[in-house]
Novice: 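Below is one structure. I have some questions about it.
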Amino acid sequence: MTYDDFSTLHIHQADGVAWVTLDHAPVNVLGAALGGDLKRFTETVATDESVRVIVLQSANEDYFVAHADMEWMLDATTLLGLADEGGDARLNPLQQLNERFRTLPQVTIAKLRGRLRAGGAELAMAADMRFAAAGRTWLAQPETRMGIFPGGGGTQYLNRLVGRPRALEIVLGAELFPAELAERYGWVNRTLADDELDEFVDALARRIAALPAGVVAAAVQALDAAEASGAVPHLHEEAQAHVRVYPSPEHVVERIRTALEAGAQTSAGEHDLEGLLDAVPYPATA
């Protein structure tokens, strides 16, 4: 199979590994373009037996995936366009997209540099493993600062990785976590020196891809048995809870509109998105 018809993804294949590089300027916002390409990629690669390992990485060293498109707070039309035809209608389109990635038959590795917040962190959590550059990587779930909460699978993925108390801290505190602290919490597998990350991940990917036929699938099956066959059991409940806050009331939508006008989803504004959001207060009538 060939993978050369994507506008926001660059894909290189060798030795059973597909390196998928996200490249959607300026900050890799997960919107209609990037989301649509990821959806098409997962649909194609799911049946490609020549690909045994997928490495997800970014062309932008400052942003892995900034977050989901804030414009969806203003107009959900293109978000709804990402929904799977014939898929589980109880899940929202972002949940469906992340579950497509999480349930691929290949082993998936997210190689992290830069900032990844909200939908970007959820996409990384949908991978089997996450490795981050020390001093160069930060993660956050800042949705509560926007008047919502992680609804692309984030609440369920976080609980699996870090446990309920730390998941509550991440979601309700909405702070930016350096990779070193994220590693301590279990949010990422490990952090490595920036100049060691590529070599480590590439070697791991090639080593897994070279395993004898059937070994990976059998090992994954055995490990997943400890987690109710690998399912994330409460995505439906997350989706039902999320409709209580999205689509958002007008005062929340107006706040996001103001944040976008102040620089959200630009390279400068995204550097301190938390501060930018905090500078836009909720109306007194909220």
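Since the structure is predicted, the reported quantities are computational estimates derived from the model, not experimental observations. Throughout, numbering of the chain's residues begins at 1 and tracks the sequence.
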Novice: List in chain and number order the residues that pass salt bridge (Lys or Arg N to Asp or Glu O under 4.0 Å) with D4, two or more places apart in sequence or in another chain; answer none if no residue qualifies.
Specialist: none
Novice: Give a yes or no on whether V188 and I54 share a hydrophobic cluster (residues Ile, Leu, Val, Met, Phe, Trp, Tyr; joining criterion: side-chain heavy atoms under 4.5 Å apart).
Specialist: yes
Novice: Please list, chain by chain and in numerical order, all residues satisfying side-chain contact (heavy atoms from CB on, under 4.5 Å) with A127, sequence neighbours excluded.
Specialist: F101, T108, A110, R130
Novice: Should the pair E254-R257 be classified as a salt bridge under the 4.0 Å nitrogen-to-oxygen rule?
Specialist: yes
Novice: Are Y63 and H271 side-chain neighbours, meaning at least one heavy-atom pair lies under 4.5 Å?
Specialist: yes
Novice: Testing the basics here: between R52 and D15, what is the closest heavy-atom pair and its distance to 0.1 Å?
Specialist: NH2-O, 3.9 Å
Novice: Nearest heavy-atom pair of L204 and M129: which atoms, and what distance?
Specialist: CD2-SD, 4.2 Å
Novice: Can you tell me how far apart OG1 (T191) and CD (E196) are? Round to the nearest 0.5 Å.
Specialist: 10.0 Å
Novice: Among all residues two or more places apart in sequence or in another chain, which pass the side-chain hydrogen bond (donor to acceptor under 3.5 Å, both in side chains) test with T103?
Specialist: none
Novice: Given the rule in the side-chain contact (heavy atoms from CB on, under 4.5 Å) test, do F64 and N28 qualify, once you have shown the distances and angles that lead to the verdict?
Specialist: CA-CA 7 Å; F64 177 76; N28 279 350; over 6 Å; no
Novice: Would you please name every residue forming a ring pair (Phe, Tyr, Trp, His ring centres under 6.0 Å) with W19, sequence neighbours left out?
Specialist: H12
Novice: For V17 versus A205, what's the shortest heavy-atom pair and its separation?
Specialist: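 Distance-wise, the nearest heavy atoms are CG2-O, 3.7 Å.
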Novice: Do L168 and M125 belong together in a cluster built from hydrophobic side chains that touch within less than 4.5 Å?
Specialist: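 In one cluster: yes.
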Novice: Are L123 and L56 close enough that some pair of their side-chain heavy atoms sits under 4.5 Å apart?
Specialist: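 L123 reaches L56 side chain to side chain.
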Novice: Would you compute the distance between atom CG of N92 and atom CG of L79 and round it to the nearest 0.5 angstrom?
Specialist: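 Atom-to-atom, N92:CG and L79:CG are 7.0 Å apart.
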Novice: What pairs of residues pass the ring pair (Phe, Tyr, Trp, His ring centres under 6.0 Å) test when at least one of them lies in residues 22-43, not counting sequence neighbours?
Specialist: Y3-F41
Novice: If we ignore hydrogens and angles and just use 3.5 Å, is the side chain of E270 paired with the main-chain N or O of P26 as donor and acceptor?
Specialist: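 Side chain of E270 to backbone of P26: no pair is present.
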Novice: Got a second to check how far L9's CG is from D23's CG, nearest 0.5 Å?
Specialist: 9.0 Å
Novice: Going by the rule salt bridge (Lys or Arg N to Asp or Glu O under 4.0 Å), which residues pair with E43 if we only count those two or more places apart in sequence or in a different chain?
Specialist: R100
Novice: For H10, I'd like to know if atom NE2 has over 12 heavy atoms of other residues, nucleotides or ligands within 6.0 Å.
Specialist: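 Count over threshold, so yes.
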Novice: In chain order, what residues pass the salt bridge (Lys or Arg N to Asp or Glu O under 4.0 Å) check against E274, with sequence neighbours excluded?
Specialist: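 With sequence neighbours excluded, E274 shows a salt bridge (Lys or Arg N to Asp or Glu O under 4.0 Å) to R117, given in chain and number order.
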Novice: Are V27 and T266 packed together at the side-chain level, in the sense that at least one heavy-atom pair is separated by less than 4.5 angstrom?
Specialist: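 Sidechains of T266 and V27: no contact.
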Novice: Just jot down the salt bridge (Lys or Arg N to Asp or Glu O under 4.0 Å) partners of D37, sequence neighbours excluded, or say none.
Specialist: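 Only R40 meet the salt bridge (Lys or Arg N to Asp or Glu O under 4.0 Å) criterion with D37.
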Novice: With F6, which residues qualify under ring pair (Phe, Tyr, Trp, His ring centres under 6.0 Å), at least two apart?
Specialist: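 Checked F6 against ring pair (Phe, Tyr, Trp, His ring centres under 6.0 Å); zero matches.
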Novice: Do the non-hydrogen side-chain atoms of M70 and M146 ever get within less than 4.5 Å of each other?
Specialist: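 Result yes, sub-4.5 Å side-chain heavy-atom pair found.
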Novice: Donor-acceptor check, side chain of Q96 to backbone of D84, threshold 3.5 angstrom: yes or no?
Specialist: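 Yes, the answer is positive, given that a donor and an acceptor are paired below the 3.5 Å cut-off.
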Novice: Taking only residues two or more places apart in sequence or in another chain, which ones pass side-chain hydrogen bond (donor to acceptor under 3.5 Å, both in side chains) with E71?
Specialist: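 Checked E71 against side-chain hydrogen bond (donor to acceptor under 3.5 Å, both in side chains); zero matches.
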Novice: Do you know which two heavy atoms are closest between R166 and R184, and how far apart they sit?
Specialist: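 Minimum heavy-atom separation between R166 and R184: NH1-O, 3.6 Å.
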Novice: Determine yes or no for a side-chain-to-main-chain donor-acceptor pair under 3.5 angstrom, with Q141 supplying the side chain and I170 the backbone.
Specialist: no
Novice: Kindly indicate whether the side chain of L94, heavy atoms from C-beta on, has any atom under 4.5 Å from the side chain of L30.
Specialist: yes
Novice: Under 4.5 Å between side-chain heavy atoms, hopping through other hydrophobics if needed: is there a path connecting V51 to I208?
Specialist: no
Novice: Would you say Q265 and D69 are linked by a side-chain donor-acceptor pair, where the criterion is simply a distance under 3.5 Å?
Specialist: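 Present: a donor and an acceptor within the cut-off.
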Novice: Kindly give the heavy-atom pair with the smallest separation between R113 and A133, and that separation in Å.
Specialist: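 Reported closest heavy-atom pair: CG-CB, 3.8 Å.
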Novice: Are L181 and L192 linked, directly or through intermediate hydrophobic residues, by side-chain heavy-atom contacts shorter than 4.5 Å (ILVMFWY only)?
Specialist: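 No, L192 does not connect to L181 through the hydrophobic network.
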Novice: When rounded to the nearest 0.5 angstrom, what is the spacing between CD in E122 and CG in L139?
Specialist: 12.0 Å
Novice: Nearest 0.5 Å please: distance from the OG1 atom of T21 over to the CD atom of Q57.
Specialist: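 CD of Q57 is found 3.5 Å from OG1 of T21.
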Novice: Taking the side chain as everything from C-beta on, heavy atoms only, tell me whether L74 gets closer than 4.5 Å to V253.
Specialist: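 L74 vs V253: side chains touch.
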Novice: Consider only side-chain heavy atoms of I, L, V, M, F, W and Y, link residues closer than 4.5 Å, and tell whether V201 and V107 are in one cluster.
Specialist: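 Yes, V201 connects to V107 through the hydrophobic network.
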Novice: Would you mind reporting whether L38 and L97 have side-chain heavy atoms less than 4.5 Å apart?
Specialist: yes
Novice: Apply ring pair (Phe, Tyr, Trp, His ring centres under 6.0 Å) to F131 and list each qualifying residue two or more places apart in sequence or on a separate chain.
Specialist: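 Scan of F131 (ring pair (Phe, Tyr, Trp, His ring centres under 6.0 Å), adjacent residues dropped) gives F200.
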Novice: To the closest 0.5 Å, what do you measure between CG (L158) and CZ (R160)?
Specialist: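 Interatomic distance, L158 CG to R160 CZ, rounded to 0.5 Å: 11.5 Å.
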Novice: Taking K39's backbone N and O only, do any of them form a donor-acceptor pair with T42's side chain (distance below 3.5 Å, no angle check)?
Specialist: yes
Novice: On a heavy-atom basis, which atom in L82 and which in A32 lie closest, and how many Å separate them?
Specialist: CD2-O, 4.2 Å
Novice: With side chain to side chain donor-acceptor pair (under 3.5 Å) as the test, would you mind laying out the steps for H67 and E143 before giving the verdict?
Specialist: CA-CA 10 Å; H67 45 69; E143 290 92 336; over 6 Å; no
Novice: Check whether the side chains of T77 and D75 place a donor and an acceptor atom closer than 3.5 Å, and report yes or no.
Specialist: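 Result is yes, a qualifying pair exists.
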Novice: Under the side-chain hydrogen bond (donor to acceptor under 3.5 Å, both in side chains) rule, collect the residues that match up with R136, sequence neighbours excluded.
Specialist: E61, D194
